Amino acid sequence: MRIEENYSLLAYNTFHLPVKARWFMEYENEEELGRILRDEYFQECISLHIGCGSNLLFINDYRGIILHSQIKGIQLVEENENTVLLRIGAAEIWDDVVAYAVSKGWGGIENLSNIPGEAGAAAIQNIGAYGVEIKDVIERVETYNQLSFEKRIFTKEECRYEYRYSFFKNEHNEPHIITHILIRLNKKPVYTLQYGTLKETLANYYPAITLTHIREAVISIRKEKLPDPKIIGNAGSFFTNPFITKQHFDKLKVQYPDMPFYPALNNRIKIPAAWLIEQCGFKGKNHGQVGVYDKQALVLTNLGDANGHEIALVAESIRAAVKERFDIELTPEVKYVD
Ligand code: EPU
């Protein structure tokens with residue numbers, strides 16, 4: 001176990017904000033986690049469990065305890081003719097898991113290549129890209145209840161997955177810390193290639209496409225469109241893509257015939273937030289130390305010395321402009337920490 005006081009979180013938030021945590025605690029296994037959670041001082045403090053901080057916006061220094069897992073490992077727990085079941089420690093770097101699966105010829109997560117973050121956080125967030133979400137492969141999630149200290153295994157259904165949502169994101173539910181995720185992958189992969197840019201990038205490889213080709217194509221698309229958080233501070237998409245009613249959509253379509261859209265469940269329509277933001281004139285513009293990325297308007301960047309408050313202010317002016325022009329409410333995908 002590692003315990004640090006007044007600890008810099010610079011390496012633990014991809015916006016590169018130079019914030020500090022009053023306490024930083026890192027555990028190696030479930031037994032150490034149990035000891036931390038039962039500690040009386042821990043119970044008196046506010047706390048936040050983080051992964052790599054690739055989806056966090058720290059507004060200030062954190063006055064409580066930041067918890068971080070070091071539970072690692074990728075275990076093959078079941079194998080049959082068609083599939084493998086992997087048990088993955090929550091602290092594994094998600095992209096290492098994808099690289100490993102692809103190297104073994106196991107399909108299902110290759111479209112989720114190059115997404116920053118750790119496996120546990122990926123399962124909380126239901127990460128998704130290029131037509132695939134992690135929920136498509138999740139079979140079970142192992143957790144530790146932060147209040148009752150009980151271990152509980154959630155089935156996929158109990159995780160209540162939706163677009164960028166799970167049981168673990170809902171603050172009305174008792175807090176559960178994910179220790180391991182179990183994912184089922186396919187030894188005879190079926191590829192998901194309907195996403196426009198992915199299809200185009202792979203055009204040269206048809207019909208002999210491999211998992212490695214898909215991983216390489218996804219990496220090249222992401223490199224082209226998204227800033228590398230190792231170089232430019234950012235947290236990927238700042239907002240989720242909004243869903244609107246058919247009625248609202250029909251009205252907007254008359255005024256904006258070129259508006260891109262994706263039909264969704266329950267007669268709702270998903271509109272790319274990036275398009276809405278671009279229409280409002282933010283794309284490629286800088287606001288002090290905060291940028292709106294010139295190749296993808298959904299990404300806010302730290303140009304060097306931004307603080308969390310400044311980033312939140314730019315996000316707020318984007319939200320207000322989109323609301324004013326389209327009557328659509330944008331919701332941050334990024335979690336604000338105050
Ligand atoms: N578009 C614009 N302007 C832009 C960028 C995009 O108008 O600056 C429009 C285009 O019409 C484009 C459409 O938006 O066709 C969709 O753009 P893109 O394919 O880049 O996807 P996105 O909806 O903006 C989502 C995810 C990404 C994921 C990509 C690929 C969300 C919030 N974001 O972005 O996830 O990589 O699809 O599947 O759902 C993330 O969550 O951090 C993330 C990067």
Side-chain angles (χ1 to χ4, degrees), residues 13-15 51-57 94-95 98 109-118 121-136 161-166 169 192-202 214-215 217-229 232-244 252-253 256-264 268-285 291-301 315 318-319 321-322 325-326 328-335:
N13 78 98
T14 57
F15 264 122
C52 291
S54 53
N55 209 34
L56 296 178
L57 179 65
W94 172 252
D95 196 50
V98 180
I109 52 176
E110 57 284 354
N111 293 35
L112 303 179
S113 289
N114 206 30
I115 298 182
E118 295 174 3
I124 293 174
Q125 180 68 11
N126 187 21
I127 56 167
Y130 311 107
V132 173
E133 290 178 315
I134 196 172
K135 76 161 173 51
D136 303 336
Y161 281 123
E162 287 173 33
Y163 167 64
R164 295 293 194 276
Y165 175 82
S166 71
K169 276 188 85 171
T192 304
L193 302 174
Q194 71 272 29
Y195 206 91
T197 39
L198 184 57
K199 219 187 214 167
E200 284 160 27
T201 313
L202 285 166
I214 299 174
R215 175 166 165 77
V218 168
I219 291 174
S220 83
I221 295 168
R222 290 186 72 94
K223 283 198 169 143
E224 171 63 30
K225 285 201 171 175
L226 299 167
D228 180 350
I232 301 173
N234 77 93
S237 301
F238 195 92
F239 298 98
T240 54
N241 286 329
F243 292 81
I244 60 174
L252 287 176
K253 197 72 185 156
Y256 303 99
D258 297 333
M259 179 173 70
F261 65 95
Y262 314 102
R268 314 277 287 177
I269 318 280
K270 188 155 100 168
I271 309 293
W275 184 85
L276 299 168
I277 296 168
E278 182 171 348
Q279 293 297 306
C280 291
F282 286 92
K283 188 171 177 173
K285 302 257 170 69
V292 180
Y293 199 54
D294 58 353
K295 294 179 195 140
Q296 170 45 285
L298 198 41
V299 178
L300 301 190
T301 60
I318 290 174
R319 205 195 55 76
V322 168
R325 179 143 173 202
F326 297 99
I328 293 179
E329 204 72 66
L330 290 184
T331 309
E333 178 180 334
V334 167
K335 182 183 164 91

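The first residue in the sequence is number 1, and the count goes up from there. Just so we're clear, the structure is a prediction, and the values are computed from it rather than from any experiment. Each ligand, and each atom within it, is numbered from 1 in the order the structure gives.
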Exercise for the section: Just jot down the ligand 1 atoms closer than 4.0 angstrom to any heavy atom of L298, in number order. Expected result: 24 (O)
Problem - S166 (side chain) donor-acceptor with I124 (main chain) under 3.5 angstrom - result: yes
Problem - Atoms in ligand 1 flagged as close to W275, the criterion being non-hydrogen separation under 4.0 Å - result: 2 (C), 7 (O)
Exercise for the section: Return a yes/no value for Q296: is any of its N or O atoms, backbone included, closer than 3.5 angstrom to an N or O of ligand 1? Expected result: yes
Handout entry: Side-chain heavy-atom pair L252, I271 within 4.5 angstrom cut-off
Key = no
Problem - Min heavy-atom dist F282 to ligand 1 below 4.0 Å - result: no
Practice task
Decide whether the shortest distance between a heavy atom of Q279 and an atom of ligand 1 is less than 4.0 Å.
Solution key: no
Practice task
For N13 and L56, indicate whether the former's side chain and the latter's backbone hold a donor-acceptor pair under 3.5 Å.
Solution key: no
Practice task
Specify the protein heavy atom at minimum distance from atom 1 (N) of ligand 1: its residue, its atom name, and the distance to 0.1 Å.
Solution key: A274 CB, 3.8 Å
Problem - Derivation of the side-chain contact (heavy atoms from CB on, under 4.5 Å) call for L300 and I318 - result: CA-CA 10 Å; L300 301 190; I318 290 174; 3.7 Å; yes
Problem - Heavy-atom nearest neighbour in the protein, as seen from atom 39 (O) of ligand 1, with distance rounded to 0.1 Å - result: Y163 OH, 2.8 Å
Exercise for the section: Around atom 3 (N) of ligand 1, find the nearest protein heavy atom and jot down its residue, atom name and distance. Expected result: E278 OE1, 2.6 Å
Exercise for the section: Identify, for atom 40 (C) of ligand 1, the protein heavy atom at the shortest distance, and state residue, atom and that distance. Expected result: S237 OG, 3.2 Å
Exercise for the section: Start with the C-alpha gap between V292 and E278, add the side-chain angles, then the distance that decides, and say whether side-chain contact (heavy atoms from CB on, under 4.5 Å) holds. Expected result: CA-CA 9 Å; V292 180; E278 182 171 348; over 6 Å; no
Problem - Distance (rounded to the nearest 0.5 Å) between Y165 OH and Q125 CD - result: 12.0 Å
Completion exercise
The protein heavy atom nearest to atom 8 (O) of ligand 1 is K283 NZ, 2.8 Å
Handout entry: Which segment of P260 sits under 4.0 Å of ligand 1 when only heavy atoms are counted
Key = side chain
Practice task
Between F239 and ligand 1, find which residue part has any heavy-atom pair under 4.0 Å and reply side chain, backbone, both or neither.
Solution key: backbone
Exercise for the section: Give a yes/no verdict on whether any heavy atom in Y293 is under 4.0 Å from an atom of ligand 1. Expected result: no
Exercise for the section: If you have a sec, work out which protein heavy atom is nearest atom 21 (O) of ligand 1 and how many Å separate them, to one decimal? Expected result: Y195 OH, 3.3 Å
Practice task
Please report which non-hydrogen protein atom sits nearest to atom 38 (O) of ligand 1, along with the residue it belongs to and the distance in Å to one decimal place.
Solution key: Y130 N, 2.7 Å
Practice task
Could you walk me through whether L330 and F238 pass the side-chain contact (heavy atoms from CB on, under 4.5 Å) test, one step at a time?
Solution key: CA-CA 10 Å; L330 290 184; F238 195 92; over 6 Å; no
Practice task
Would you kindly specify which portion of F238 sits under 4.0 Å from ligand 1, judged on non-hydrogen atoms: side chain, backbone, both or neither?
Solution key: neither
Exercise for the section: Taking R325 for its side chain and L276 for its backbone only, find out whether a donor-acceptor pair lies under 3.5 Å. Expected result: no
Practice task
Can you pull out the closest protein heavy atom to atom 25 (C) of ligand 1? Residue, atom name and distance to 0.1 Å, please.
Solution key: N241 ND2, 4.2 Å
Exercise for the section: Determine, using heavy atoms of R164 and all atoms of ligand 1, whether some pair is separated by less than 4.0 Å. Expected result: yes
Exercise for the section: Return the orientation label for the Y256 and F326 ring planes: parallel under 30°, perpendicular over 60°, tilted otherwise. Expected result: tilted
Exercise for the section: May I ask you to decide if P272's main-chain N or O and N241's side chain share a donor-acceptor pair within less than 3.5 Å? Expected result: no
Problem - K270 charged N/C atom sitting above Y163 aromatic ring, 6.0 Å / 45° - result: yes
Fill in the blank from the handout: Note: heavy atom closest to atom 9 (C) of ligand 1, options G128, P272, A235, belongs to P272
